> 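Below is one structure. I have some questions about it.
Just so it is clear, the model here is predicted, and its values are computed rather than measured. Letters A, B, ... are given to chains in the order of the sequence lines, protein chains preceding strands, and every chain is numbered from 1.
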Amino acid sequence: MTATKINDLPTVYDAKATEEDIYKFWEEGGYFKANAKSKKPAYSIVIPPPNVTGVLHMGHALDETLQDILIRYHRMSGYETLWVPGTDHAGLATQNVVEKNLAKEGLSRYDLGREKFIEKTWEWTNKHKGAILDQCKRLGASFDRSRERFTFDKGCSDAVKEVFVRLYEKGLIYKGKYIVNWCPRCNSAISDVETEYATEQGHMWEISYALKGESGAIIVATTRPETMFGDVAIAVHPSDHKYSELIGKTVIIPLSGREIPIIADEYVDKNFGTGAVKITPAHDPNDFEVGKRHNLKPIWVIDTEGKMKACGEVPQQFHGLDRYEAREKIVGLLSYENFLLRTREHEHNVGKCQRCGTTIEPLLSEQWFVKMEPLAREAIKAVKDGRIKFIPDRWEKNYLGWMENIRDWCISRQIWWGHQIPAYYHKVTGEMVVAKENPDPENYVQDTDCLDTWFSSGLWPFSTMGWPDTDSDDFKKFYPTSTLVTGFDIIFFWVARMITMGLEFTGKAPFSTVFIHGLIRDEKGQKMSKSKGNTIDPVKIIDKYGCDALRFTMTSLCTYGGQDIKMSEERFEYGRNFANKIWNASRFVLMNLDGVDDKDIDFDKLTIADKWILDKLNKTAKEVNENIKDFRIGEVAHILYDFFWNSYCDWYVEIAKIQLQDGSLKLNTQRVLKYVLDMALRMLHPIMPHITERVWQLIPKTSGDAIIVSDFPVYSDTFDFPKEAQEMELVFETITSLRNIRQSFNISPAVKCDIEIRAALKEKVVFEAIEAYIKRLARVENISYADGSAPVPPKSASAVVSASKIVIPLADLIDLDAETARQQKKLDKLLSEKKSLEGRINNPKFVANAPQELIQQTKTRIAEIEIQEKNITDLIKSLNS
RNA sequence: GGGCGUUUAGCUCAGUUGGUAGAGCGCCUCCCUUACAAGGAGGAUGUCGGGAGUUCGAGCCUCUCAACGCCCACCA
């Protein structure tokens, strides 16, 4: 970094002018590169690969920031860290984008043909692949770009084929005809988790099916009359007395004339609708099951585009009509011909395609599935036995609930962009071979379907590490990964699949912790989406407020419970103001470091204020480490904000101004100022990387070449000064009281006044020790003391002001009795806790049965209490002496 | 139908084993005190959703009611 004159630094932190240079400095310095041969313990994260079609949004910004914080923290804490970046080929999403572009030229993918289309899509992909990761650089992401991966690159493709073939050979992948969720717009099957349900106001039509050969009819309630031509039976409940005589009889489908039986099946709810259900196995999952039980052959009446089929069962006038248009016409005709008995308003849930919102058509078709139950067993165990931990743990229940009721995963998609299914069919015999490569391209053709995008992302933690080559350096060093950071919205899509696949193919859980954070919402709590126009562009925020401001604000809003975050632009002022505070406090310290050396702090020369700030810093380091390890990242932000602003800036720096003027204290004060700044910056670095690096480079005589690889501060008992820390709190209380009194008497801050403290003379000594601080920080010229035997008036208004002299009863400055009482109470509480802990530890039953860890904890706590006990006792003594 | 979450200061929200309620913003008063007005000093503000219980003591634990939100299931 270039040397900079401290006095030339701007008084307002200029994020824009800083961040790019700093990022370049890290990148060129190779600080992000992981070394697989390192002897240090490994800490690794794989990025949830954003879609190549994606544009960076607030959700990414949060997710990437949290990962970067963990990576940077561990990098500074002695780990060999690897953060793998990459993108997802996003099958359908990408295909849709490219198709849209083609449509502008008046072309469809069918005009190009499969091969050309894929070529085009690769072209598009290669052009856009880096974009979103480049945007992540603006976030300060310290990922190892040399290891960037793509879910459709050679390595991932090889892994996909390997996994598919192995699962097939194990009987865990099968092909079959089942009802799937079909999106008529995407023209593809989608999986259960890709189907979202929305409540819609619809109708329930009651239709009369006439009995064959006798008078009478059975009345059936349906929401989907257009499927009636696919009916293969009418079902009633076996114990339904209304219909018991009709079971086994035949009815005639209105408008079509086809004959179908009345059957009995437990599936029917006697109390819903009319108690009689039409059975359409080709277009309803429940009906499909009923049909199977009764050996009824399904009849397709709606095609893959959602149009009525031109088949014998469907009356000609409906052929080719869209399903909704057909519904309307059929209802009209039923009504006209008196088959329609009743129409009711009916609210029901309708499945929608997660990607395009089109209403799903349940369709019987031939698809590939993964048999999940055997895979889920281990995935459940891994979470139950603690190999994988969810943070917050309530997501564990959510995950287990889903896993325990797992259904087979439909993995085939009728699209072109994606991993083509490695199954090959003999051109003549149709014989199928599942293999990594085509056994004989002359005679075999590959299955035309592609795999669900999540199939390849499910392998991400190990496909990025070189698997199936389990001997690769990265795999050996960095797999399994450490933490997975993501939003709860993709637990089923992605997290669950990674866990099952990871366990099945590597025998290990792909990560030990799943850190789930909330979703970013707009200020009204609504989901951000482009169509609603309520998005906030993180890049714009970075331009305006700075990356560190964005990161700090977001981080501070993360709660341990992982609540969703309501976001509005003004909130980033919080982080920006803090960055500015860091900048200016640093500037002040740097400007006052002339003549400082690289020696350690001289403990013999520490003032009470020095000891207080060092004690506070030390405690802060302890809390920060604990909270990061517990994933209480928001708490870390708050602790650091409070320490830096309220302790370091508001009190210590102000006190240092006094000490710097004292020749005998100057050098050591400089050392303390420098040391505390240095350590504070290090602790802030994971959250606010740029500004901390920038300032750190300006600190004279620091060892090490960059804060990014400096050691993260840890607690050390050599910096414990509990007595001084307590006493200093009295100083603050005194000064605050004085300021309060001054203001209540309208004494201008410009006026320095004298004060006379009336108190018992024995307390004089307490104040004499801190006179310098009081004089400066409460703007006092002289302090004198008078005996407290003078009448003690009531609080606050009791100070007497005359000729800029304030006479104040001590009780107004600081209530020593109350302080004593407070400390006594604290002490009592500690003692009672100690008593109960000792009772526990002295109980032989407890010692025999409790886990070793708990016993150790109890002992440690008792020791802790004893130390505090001593401190408080000392303090009470000094208060009363 | 099942599960989860939320309800605390005007607003947005923290509050880790129960021990005298906190932050940021906003508001009021004063201040350009030579790091910072994106700042400094001082101040006001809450029967912690309602009710009941356990406890010496409950924002926190138990029960119950209410409102809002989310997830899963999917009765045609």
> Any carboxylate oxygen within less than 4.0 angstrom of a Lys/Arg side-chain nitrogen, looking at A:K544 and A:E569?
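Looking at A:K544 and A:E569, the cut-off is met.
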> May I ask you to verify if any side-chain N or O of A:H346 is less than 4.0 angstrom from the OP1 or OP2 atom of B:A76?
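Yes, because at least one side-chain N or O of A:H346 sits under 4.0 Å from OP1 or OP2 of B:A76.
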> Select base, sugar-phosphate, or nothing to describe what A:R521 touches, counting heavy atoms under 4.0 Å on all strands.
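If one applies the 4.0 Å heavy-atom cut-off, A:R521 turns out to touch nothing in the nucleic acid.
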> Among the nucleotides B:C71, B:A35, B:G42, which one has an atom lying closest to any side-chain atom of A:F492?
B:C71
> Do A:Q563 and B:A14 have a side chain to base donor-acceptor pair shorter than 3.5 Å?
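A donor-acceptor contact between them is absent.
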> Just call it for A:K566: base, sugar-phosphate, or nothing, with non-hydrogen atoms closer than 4.0 Å on any strand.
sugar-phosphate
> For A:H294, check side-chain hydrogen bond (donor to acceptor under 3.5 Å, both in side chains) against everything at least two apart and list the hits.
A:D265
> Taking the side chain of A:N577 as its heavy atoms from C-beta onward, which of B:A38, B:A35, B:C71 lies nearest to it?
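Per side-chain heavy atoms of A:N577, the pick is B:A38.
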> Dot-bracket, RNA chain B: Watson-Crick or G-U, under 3.5 angstrom, [ ] crossing, | other strand?
(((((((..((((.....[..)))).(((((.......))))).....(((((..]....))))))))))))....
> Check the distance between B:A38's P and A:R587's CZ and give it to me in whole angstrom.
14 Å
> Among residues two or more places apart or on two chains, list those pairs meeting side-chain hydrogen bond (donor to acceptor under 3.5 Å, both in side chains) that have a residue in residues 550-567 of chain A.
A:D68-A:R551, A:R521-A:D564
> RNA chain B: A:G561 or A:N646, which has the more 5' nearest nucleotide?
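Per heavy-atom nearest nucleotide, the more 5' residue is A:G561.
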> Using a 4.0 Å heavy-atom cut-off across all strands, classify A:M591 as base, sugar-phosphate, or nothing.
sugar-phosphate
> Please determine if a side-chain N or O atom of A:R739 lies less than 4.0 Å away from the OP1 or OP2 oxygen of B:G42.
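Checking A:R739 against B:G42: at least one side-chain N or O falls below 4.0 Å of OP1 or OP2.
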> Under 4.0 angstrom, heavy atoms only, what part of the nucleic acid is A:V268 near: base, sugar-phosphate, or nothing?
base
> Measure from CZ on A:F588 to C1' on B:U34 and round the result to the nearest Å.
10 Å
> Have a look at A:D650 and say if it touches a base, only the backbone sugar-phosphate, or nothing, with a 4.0 Å heavy-atom cut-off.
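Here A:D650 touches the backbone only, sparing every base.
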> Considering every strand and a 4.0 Å limit on heavy-atom distances, what is the contact class for A:H237: base, sugar-phosphate, or nothing?
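Touches nothing.
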> Give the rounded distance in Å between these two atoms: CH2 of A:W402 and P of B:C71.
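In whole Å, B:C71 P and A:W402 CH2 are 16 Å from each other.
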> Please determine if a side-chain N or O atom of A:T559 lies less than 4.0 Å away from the OP1 or OP2 oxygen of B:A14.
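Yes, within the criterion.
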> Which pairs count as salt bridge (charged side-chain N to carboxylate O under 4.0 Å, His left out) when at least one residue sits in residues 626-652 of chain A, sequence neighbours excluded?
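Sorted pair list comes back empty.
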> Could you check whether A:Y267 gets within reach of a base, just the sugar-phosphate, or nothing at all, counting any heavy atom under 4.0 Å?
base
> Which nucleotide in the list B:C13, B:A35, B:C36 gets nearest to the side chain of A:N580?
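Within the option list, the nearest is B:C36.
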> Using the side-chain heavy atoms of A:Y574, tell me which of these nucleotides is nearest: B:C71, B:G24, B:G42.
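Between B:C71, B:G24, B:G42, the one nearest the side chain of A:Y574 would be B:G24.
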> Could you check how far CD1 of A:I360 sits from P of B:C74, rounded to whole Å?
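Roughly 14 Å, once rounded to whole Å.
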> Distance-only, no hydrogens or angles: does the A:N349 side chain make a donor-acceptor pair with backbone N or O of A:Y197 under 3.5 Å?
no
> Reckon A:K397 touches a base, only the sugar-phosphate, or nothing at all at heavy-atom distances under 4.0 Å?
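Here A:K397 touches the backbone only, sparing every base.
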> What's the closest nucleotide to the side chain of A:N398 if the choices are B:C71, B:C36, B:A76?
B:C71
> Checking A:D284 now: which residues fulfil salt bridge (charged side-chain N to carboxylate O under 4.0 Å, His left out) with it, not counting sequence neighbours?
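In terms of salt bridge (charged side-chain N to carboxylate O under 4.0 Å, His left out), with neighbours along the sequence ignored, A:D284 is linked to no residue.
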> Under 4.0 angstrom, heavy atoms only, what part of the nucleic acid is A:K657 near: base, sugar-phosphate, or nothing?
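It contacts base atoms.
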> From B:C72, B:C36, B:G42, pick the nucleotide closest to the side chain of A:N584?
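Within the option list, the nearest is B:C36.
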> Does the side chain of A:K581 get closer than 4.0 angstrom to OP1 or OP2 of B:G40 through an N or O atom?
yes
> Give A:W645 one of three labels, base, sugar-phosphate or nothing, depending on what nucleic acid heavy atoms sit under 4.0 Å from its own.
sugar-phosphate
> Taking the minimum atom-to-atom distance to the side chain of A:V277, which one of B:A76, B:C71, B:C74 wins?
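My answer, after comparing the listed nucleotides, is B:A76.
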> So what does A:R632 hit on the nucleic acid, given a heavy-atom distance under 4.0 Å: a base, only sugar-phosphate, or nothing?
base
> On a whole-Å scale, what distance lies between the C1' atoms belonging to B:U62 and B:U55?
12 Å
> Would you say a side-chain N or O of A:T274 is under 4.0 Å from OP1 or OP2 of B:A76?
no
> Distance between the C1' atoms of B:A44 and B:C25, in whole angstroms?
16 Å
> Between B:U45 and B:C28, how far apart are the two C1' atoms, rounded to whole Å?
11 Å
> Salt bridge (charged side-chain N to carboxylate O under 4.0 Å, His left out) with A:R344: which residues, sequence neighbours excluded?
A:E206
> Taking atom types as modelled and ignoring hydrogens, do the side chains of A:K242 and A:T274 form a donor-acceptor contact shorter than 3.5 angstrom?
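Not at all, the side chains of A:K242 and A:T274 share no donor-acceptor pair under 3.5 Å.
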> Does a distance-only test, which skips hydrogens and angles, find a donor-acceptor pair under 3.5 Å between the side chain of A:R576 and the base of B:A38?
yes
> Taking A:D678 for its side chain and A:K674 for its backbone only, find out whether a donor-acceptor pair lies under 3.5 Å.
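A pair under 3.5 Å: no.
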> Which nucleotide in the list B:G15, B:C36, B:C74 gets nearest to the side chain of A:R407?
B:C74
> Apply side-chain contact (heavy atoms from CB on, under 4.5 Å) to residues A:F390 and A:N398 and explain how you reach the verdict.
CA-CA 10 Å; A:F390 279 75; A:N398 191 258; over 6 Å; no
> Side chain of A:N349, base of B:C74: donor and acceptor closer than 3.5 Å?
yes
> What's A:V12 touching, base or sugar-phosphate or nothing? Going by heavy atoms closer than 4.0 Å.
base
